[in-house]
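As structure tokens, the structure follows; a few thoughts come after it.
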Amino acid sequence: QVQLVESGGGWVQPGGSLRLSCAASGSFASMNTMGWYRQSPGKHRELVALEPSDDNIYYLESVKGRFTISRDNAKNTVYLQMTSLKSEDTAVYYCNAVVSYNDRDIPPGVYWGQGTQVTVSS
């Protein structure tokens, strides 16, 4: 089993910055794709940023140039640096990870964090 623990959410004024962290723990061989999603009330969950193992990084159009995803494989941690935050960035942010196991007969597993609230308001 794999656990994803997020931290770093909170309240910030428009134009401010926050950094989210997601640490993976448990029994797995490697992290493949890691990403951040968000969901605001009444809306579907949307992909914000994705970092596959091949470095072909994806960003939601509305966050390009403001958000940066990065990972520290030694710490099994992925980060989302958010700058120039806007009120429309307010949402619960979820970490997602696809991991591989030592036993190659077991298919990759997909896991979600518990979510962390980001509120951008004055």
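The first residue in the sequence is number 1, and the count goes up from there. Because only heavy atoms are used, hydrogens play no part in the values below, and waters and symmetry mates are left out as well, while side chains stay in.
- Pairs of residues two or more places apart, or lying in two chains, never qualify as salt bridge (Lys or Arg N to Asp or Glu O under 4.0 Å) while including a residue from residues 92-104.
- Trp112 is linked by a ring pair (Phe, Tyr, Trp, His ring centres under 6.0 Å) to Tyr37, counting only residues two or more places apart in sequence or in another chain.
- The salt bridge (charged side-chain N to carboxylate O under 4.0 Å, His left out) search around Lys43 returns none, not counting sequence neighbours.
- Annotation: side chain of Val78 is in contact with side chain of Trp36 (closest heavy-atom distance under 4.5 Å).
- In this structure, the side chains of Tyr111 and Met31 stay at 4.5 Å or more apart for every pair of heavy atoms.
- Under the side chain to side chain donor-acceptor pair (under 3.5 Å) criterion, Gln13 pairs with no residue at all, not counting sequence neighbours.
- Considering only residues two or more places apart in sequence or on other chains, Glu88 meets the salt bridge (charged side-chain N to carboxylate O under 4.0 Å, His left out) condition with none of them.
- For Val118, the side chain to side chain contact (heavy atoms under 4.5 Å, CB included) partners are Leu18, Leu20, Met82, Tyr93, Val120, not counting sequence neighbours.
- In this structure Thr119 satisfies the side chain to side chain donor-acceptor pair (under 3.5 Å) test together with Gln117, sequence neighbours excluded.
- When the side chain to side chain contact (heavy atoms under 4.5 Å, CB included) test is applied to Ser70, the partners found at least two apart in sequence or on another chain are Tyr79.
- Nearest heavy atoms, Gly115 versus Val92: CA-CG1, 3.8 Å.
- Side-chain atoms of Ser121 and Thr90, non-hydrogen and from C-beta on, never get closer than 4.5 Å to each other.
- Listed by chain and residue number, nothing satisfies the side chain to side chain donor-acceptor pair (under 3.5 Å) test with Asp72 (two or more places apart in sequence, or in another chain).
- Considering only residues two or more places apart in sequence or on other chains, Ser17 meets the side chain to side chain donor-acceptor pair (under 3.5 Å) condition with none of them.
- Both Ile57 and Leu47 belong to a common hydrophobic cluster when Ile, Leu, Val, Met, Phe, Trp and Tyr are linked at side-chain heavy-atom distances under 4.5 angstrom.
- Legend: salt bridge (Lys or Arg N to Asp or Glu O under 4.0 Å) pairs involving residues 16-40, not counting sequence neighbours, sorted by first then second residue: Arg38-Glu46, Arg38-Asp89.
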